[in-house]
2 protein chains.
Amino acid sequence: MIEARERKDSISEEVSLGGLETTVGFLLRLAQVAVFKDLLAALKPFDLRVTDLSVLLVIEATPGLQQRVIGEVLRVQRSNLVTIIDQLEARGLVRRGPVPGDRRAYALSLTVAGEALLQKAKAAHAQHDRKVLDALGKVDKAQMLAALERIAAL
Amino acid sequence: MIEARERKDSISEEVSLGGLETTVGFLLRLAQVAVFKDLLAALKPFDLRVTDLSVLLVIEATPGLQQRVIGEVLRVQRSNLVTIIDQLEARGLVRRGPVPGDRRAYALSLTVAGEALLQKAKAAHAQHDRKVLDALGKVDKAQMLAALERIAAL
DNA sequence: TGAGATAGTTAGCACTCATAACAAAATGCG
DNA sequence: CGCATTTTGTTATGAGTGCTAACTATCTCA
């Protein structure tokens with residue numbers, strides 16, 4: 001498992017990125033990839049992907065939600081949500097209940113097992129989030145969130 | 001093109017994201033997606049993807065680079081770089097020259113056409129980058145970059 | 001010289017994201 | 001009411017990206 005980093009030079013130091021290294025977009029990608037990788041690893045014990053956790057969190061916060069709404073707030077295409085909910089339902093974590101007055105839609109809620117798993121996953125998520133917050137350094141969290149929100153609304 | 005946002009409520013306001021909305025990771029993803037979408041659109045006239053521009057920038061900054069090195073600094077698998085360079089070379093933007101003393105490797109450099117296209121693409125990129133920087137608001141760019149770097153190194 | 005490492009390549013798999021088309025049900029307007 | 005339109009969930013499918021394994025040619029070095 002010896003890394004091949006000591007070739008003839010340590011590269012990252014010597015090679016210019018042509019201005020990329022001072023670009024918000026480029027580092028934004030690296031940061032996002034790292035965060036997702038870290039969170040995915042943290043959720044591994046629960047066999048949950050990042051989106052799975054997001055879905056569970058949203059359902060917990062507002063039970064009875066329809067798939068369409070979850071897709072909107074999480075920016076997931078509703079067609080792609082089908083498989084996600086399918087799997088969560090097959091694992092007995094989420095229930096597709098009836099929506100009174102609309103037989104097309106499902107009212108999503110957590111099962112007892114889903115609630116239990118979510119609690120454990122939330123602990124892992126909190127630990128992960130702490131690492132991210134620590135990395136913020138001087139940057140104020142609220143200002144960072146505001147900035148990211150504005151960027152997201154480009 | 002009338003958005004279907006006025007259903008019975010404007011959702012994003014009413015539905016809780018279960019804490020996700022105050023999470024750096026979640027907004028990081030939204031921001032990154034938005035930035036890439038915006039940059040991709042800005043590069044559309046030049047038929048370049050984001051990675052293509054990155055590759056051209058790196059080659060311009062340090063001509064004679066090998067594919068392996070580019071892959072390392074840009075975090076692109078060297079197997080995936082093959083196709084990218086193939087296309088750039090087929091379009092006459094990049095040249096695979098010989099590396100003196102190593103017949104396995106290629107010394108990459110920009111052609112005149114590549115240099116010309118890059119200049120135009122750089123202008124578009126600068127305009128895009130300005131939008132991103134404007135969105136930073138109070139947050140200092142240098143501090144933002146430093147924070148993103150630390151997050152990327154999680 | 002010969003074993004092992006390295007550069008580039010090829011092929012294939014997996015995951016995410018997006019679109020189109022569809023059935024069933026709801027909505028709304030004449 | 002009746003019928004066109006919209007909406008929800010679903011299915012199928014394609015584009016894009018990323019990762020791994022295996023292979024050839026070449027280089028390195030003991």
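None of the values given here were measured: they were computed from a predicted structure. Heavy-atom basis, side chains included; hydrogens, waters and symmetry copies ignored. In what follows, every chain begins at residue 1, and chains take the letters A, B, ... in the order their sequences are listed.
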Tell me: [atom1] of [X] to [atom2] of [N], nearest whole Å?
X	N	atom1	atom2	answer
Asn80(A)	dT13(D)	CG	P	15 Å
Phe36(B)	dT16(C)	CZ	C1'	15 Å
Asp86(A)	dG9(D)	CG	P	12 Å
Arg75(B)	dT17(D)	CZ	P	18 Å
Leu40(A)	dA14(C)	CG	C1'	13 Å
Asp52(A)	dC15(C)	CG	C1'	12 Å
Asp47(A)	dC15(C)	CG	P	11 Å
Glu72(B)	dA7(C)	CD	P	8 Å

Touch class at under 4.0 angstrom, heavy-atom based, for Asp102(B) against every strand present: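 Here Asp102(B) touches the backbone only, sparing every base.
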
Polar side chain donor-acceptor pair, Arg78(B) to Gln66(B), under 3.5 angstrom: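 Side chains of Arg78(B) and Gln66(B): no pair found under 3.5 Å.
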
Given dT16(C), dT11(D), dC19(D), the nucleotide with the shortest approach to the side chain of Arg49(A): dT16(C)

Candidate list Val99(A), Ile70(A), Val55(A), test side-chain contact (heavy atoms from CB on, under 4.5 Å), partner Leu65(A), passing option: Ile70(A)

Residues Asp52(A), Arg49(A): salt bridge by 4.0 Å N-O rule: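 Here Asp52(A) pairs with Arg49(A) in a salt bridge, since their nearest N and O are under 4.0 Å apart.
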
OP1 or OP2 of [N] less than 4.0 angstrom from a side-chain nitrogen or oxygen of [X], does that happen here?
X	N	result
Arg104(B)	dT6(C)	no
Arg103(A)	dA24(C)	no
Arg78(B)	dA7(C)	no
Arg96(B)	dT9(C)	yes
Gln67(A)	dT10(D)	yes
Arg29(B)	dC17(C)	yes

Residue mapping more 5' on DNA chain C - nearest nucleotide basis, Ile85(B) or Gln77(A):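 Of the two residues, Ile85(B) wins.
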
Test item: Arg95(A) side-chain N/O and Leu110(A) main-chain N/O as donor-acceptor pair under 3.5 Å: yes

Donor/acceptor link under 3.5 angstrom from Ser79(B) side chain onto base of dT20(D):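 Such a pair exists between side chain and base.
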
Within 6.0 Å of CD in Gln127(A), more than 12 heavy atoms from elsewhere: no

